[in-house]
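All of these numbers come straight from a predicted model, not from anything done at the bench.
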Amino acid sequence: MKSSSHVQLLLFQSSAKFVISSSSISFLHGMKMDSDALNTFLMVFQRGGISNAAKALHRTQPAISRRIALLEQELGMPLFERVAGRTVLSDAGRVMVPYAERAVAATQDAENAVKALARPDSGPVALAVVGTLAGSQLARIIKRLRGSIRT
């Protein structure tokens, strides 16, 4: 397999803001991982096996096994090993865990941020302050306001 680092970016101008849309991010030898594959991998790890992951994800065992097999095929290395009837991480799986956790967390953060825009009490806040009024009292008020905002 040849190594490839390939990113396609599309820029859209909207209200003087730019949104970067990544239509394809390839890494680790040109493969394309998605958040579902990484989430499935993490669930097998966290639940200790295919059966428990299948129950937690409300999928069949063959579907989970296939998803892991495809991910392992893309990586070219096994992520799990069967030891004494248990499913444990391989060396590659141990390396993969922190990256998968960060990727899944970032995906969830992005989804939450976009969904937050639908709330009536959300959106950007613009504040214009005369320099002489921007003293320590205003800083305390803004800190208090930030602490009271739901996320």
Checklist entry - If you take all heavy atoms of Ser90 and Pro78, which pair is closest and at what distance? => result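 Nearest heavy atoms, Ser90 then Pro78: OG-O, 2.5 Å.
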Item to check | Where Ala37 and Leu71 come nearest, the two heavy atoms and their spacing | outcome: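 Minimum heavy-atom separation between Ala37 and Leu71: O-CD2, 3.9 Å.
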Next on the checklist: Checking Arg66 now: which residues fulfil salt bridge (Lys or Arg N to Asp or Glu O under 4.0 Å) with it, not counting sequence neighbours?
Outcome noted: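 Testing Arg66 for salt bridge (Lys or Arg N to Asp or Glu O under 4.0 Å), a comparison that skips the adjacent residues, returns none.
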Checklist entry - Of Leu79, Thr40, Val97, Thr87, which is the lone residue that meets side chain to side chain contact (heavy atoms under 4.5 Å, CB included) with Phe45? => result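 Among the candidates, only Val97 passes.
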Between [atom1] on residue [X] and [atom2] on residue [Y], distance to nearest 0.5 Å:
X: Leu38; Y: Arg67; atom1: CG; atom2: CZ; value: 8.5 Å
X: Ile50; Y: Thr60; atom1: CD1; atom2: OG1; value: 10.5 Å
X: Met96; Y: Leu89; atom1: CE; atom2: CG; value: 11.0 Å

[Y] side chain reached by [X] side chain, heavy atoms, under 4.5 Å:
X: Val95; Y: Met77; value: no
X: Asn39; Y: Leu57; value: yes
X: Ile64; Y: Met43; value: no

Next on the checklist: Measuring centre to centre across the rings, with the benzene-like ring taken for any Trp, is Phe80 within less than 6.0 Å of Phe41?
Outcome noted: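 Centroid distance Phe80-Phe41: below 6.0 Å, so yes.
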Checklist entry - Does atom CZ of Arg59 have more than 12 heavy-atom neighbours, drawn from other residues, nucleotides or ligands, at distances under 6.0 Å? => result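 It does: Arg59 CZ has more than 12 such atoms within range.
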Next on the checklist: Can you list everything that forms a side chain to side chain contact (heavy atoms under 4.5 Å, CB included) with Ser35? Sequence neighbours excluded, please.
Outcome noted: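 Side chain to side chain contact (heavy atoms under 4.5 Å, CB included) list for Ser35, sorted by chain: Thr107.
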Next on the checklist: Checking Gln61 against Ser51: is there a side-chain donor and acceptor pair closer than 3.5 Å?
Outcome noted: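 Per modelled atom types, Ser51 and Gln61 side chains form a pair under 3.5 Å.
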